[in-house]
Amino acid sequence: YLRINRQDLALKALQKMKELEDDDALTQIGEISLCLSHGGLNKVNDGLELIDDLISANTSTIQLINMQCVGNMHLKNWTEAWKLCKQSRDLSKKLQSNNKNFEIPTATLINSITCLQNLNKGKEILPKLYEQLKKINPNHKFLKDMDEMEALFDKSAKNYQK
């Protein structure tokens, strides 16, 4: 429901999940997703606390690290978010060393690109990240949106070159 921007329906589904099993990891991930989707200081902090609880009770996963990164990006903690991107990429490389078919998640790459752009860093790394994303998922919405924005910028820039 969050993908179609229906937080009301997502909340109803989460409430049903909580009725069945409040402490289940999947229920907690649903609640974290809803908090991060909602945004706002209190909700994002609630989501980050839930992530910390899940990591403490279990182990750190790429998905949880990426969710922590998103929470920190919401709070404009770009340096912390970038550290989490590195942690996610390191964990991905570790998993890739055990399974050659494992691909770094697109969320990790997009989070990394977003952090670097907001930190005004990584001019040499950004093209590599874009290429990696194109290799993994050439039709990803993020890439399509970036191509569309670049085309609009180029079209607009031509108006000022006259």
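None of these values were measured; they are calculated from a predicted model. For the single chain, residues carry numbers from 1 onward in sequence order.
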Mind checking what makes side chain to side chain contact (heavy atoms under 4.5 Å, CB included) contact with D154, not counting sequence neighbours?
none

Run the side chain to side chain contact (heavy atoms under 4.5 Å, CB included) test against L41 and tell me which residues pass, sequence neighbours left out.
N45, L75

Mind listing the closest non-hydrogen atom pair of [X] and [Y] along with its distance?
X: G47; Y: I32; value: O-CG1, 3.9 Å
X: K43; Y: C35; value: O-CB, 3.2 Å
X: G71; Y: V44; value: O-CG1, 3.3 Å

Who are the side-chain hydrogen bond (donor to acceptor under 3.5 Å, both in side chains) partners of [X], not counting sequence neighbours?
X: D46; answer: none
X: S112; answer: R89
X: D90; answer: none
X: E31; answer: K18

How does the hydrophobic cluster around L95 look, that is, which other residues are in it when side-chain heavy atoms under 4.5 Å mark a link?
I62, I65, L84, L91, F102

Side-chain hydrophobic cluster, 4.5 Å single linkage: members besides F153:
none

Taking atom [atom1] of [X] and atom [atom2] of [Y], what is their separation to the nearest 0.5 Å?
X: I113; Y: L129; atom1: CD1; atom2: CG; answer: 5.0 Å
X: L126; Y: L116; atom1: CG; atom2: CG; answer: 5.0 Å
X: E21; Y: D24; atom1: CD; atom2: CG; answer: 5.5 Å
X: Q96; Y: I104; atom1: CD; atom2: CD1; answer: 7.5 Å
X: L54; Y: D23; atom1: CG; atom2: CG; answer: 10.0 Å

Going only through I, L, V, M, F, W and Y residues with side-chain contacts under 4.5 Å, is there a path from L34 to M73?
no

So do [Y] and [X] actually touch side chain to side chain, heavy atoms under 4.5 Å?
X: N139; Y: L143; result: no
X: H140; Y: I110; result: yes
X: S88; Y: C69; result: no

Side chain to side chain donor-acceptor pair (under 3.5 Å) between N137 and T106, intermediate numbers included:
CA-CA 8 Å; N137 190 345; T106 55; 5.3 Å; no

With side chain to side chain contact (heavy atoms under 4.5 Å, CB included) as the criterion, how do I29 and M67 come out once you've worked through the C-alpha distance, each side chain's angles and the decisive distance to 0.1 Å?
CA-CA 9 Å; I29 289 172; M67 292 174 107; 4.1 Å; yes

Does the Q28 side chain pair with the main chain of L50, one donor and one acceptor, at a distance under 3.5 Å?
no

My understanding is that only residues two or more places apart in sequence, or in another chain, count here; which of them pass salt bridge (charged side-chain N to carboxylate O under 4.0 Å, His left out) with K141?
D145

With sequence neighbours left out, which residue pairs that include part of [range] fulfil the side-chain hydrogen bond (donor to acceptor under 3.5 Å, both in side chains) condition?
range: residues 119-136; result: Q117-Y130
range: residues 70-87; result: N72-N77
range: residues 48-62; result: D52-Q68

For T114 and N118, what are the C-alpha separation, side-chain angles and deciding distance, and is it a side chain to side chain contact (heavy atoms under 4.5 Å, CB included)?
CA-CA 6 Å; T114 304; N118 280 279; 3.6 Å; yes

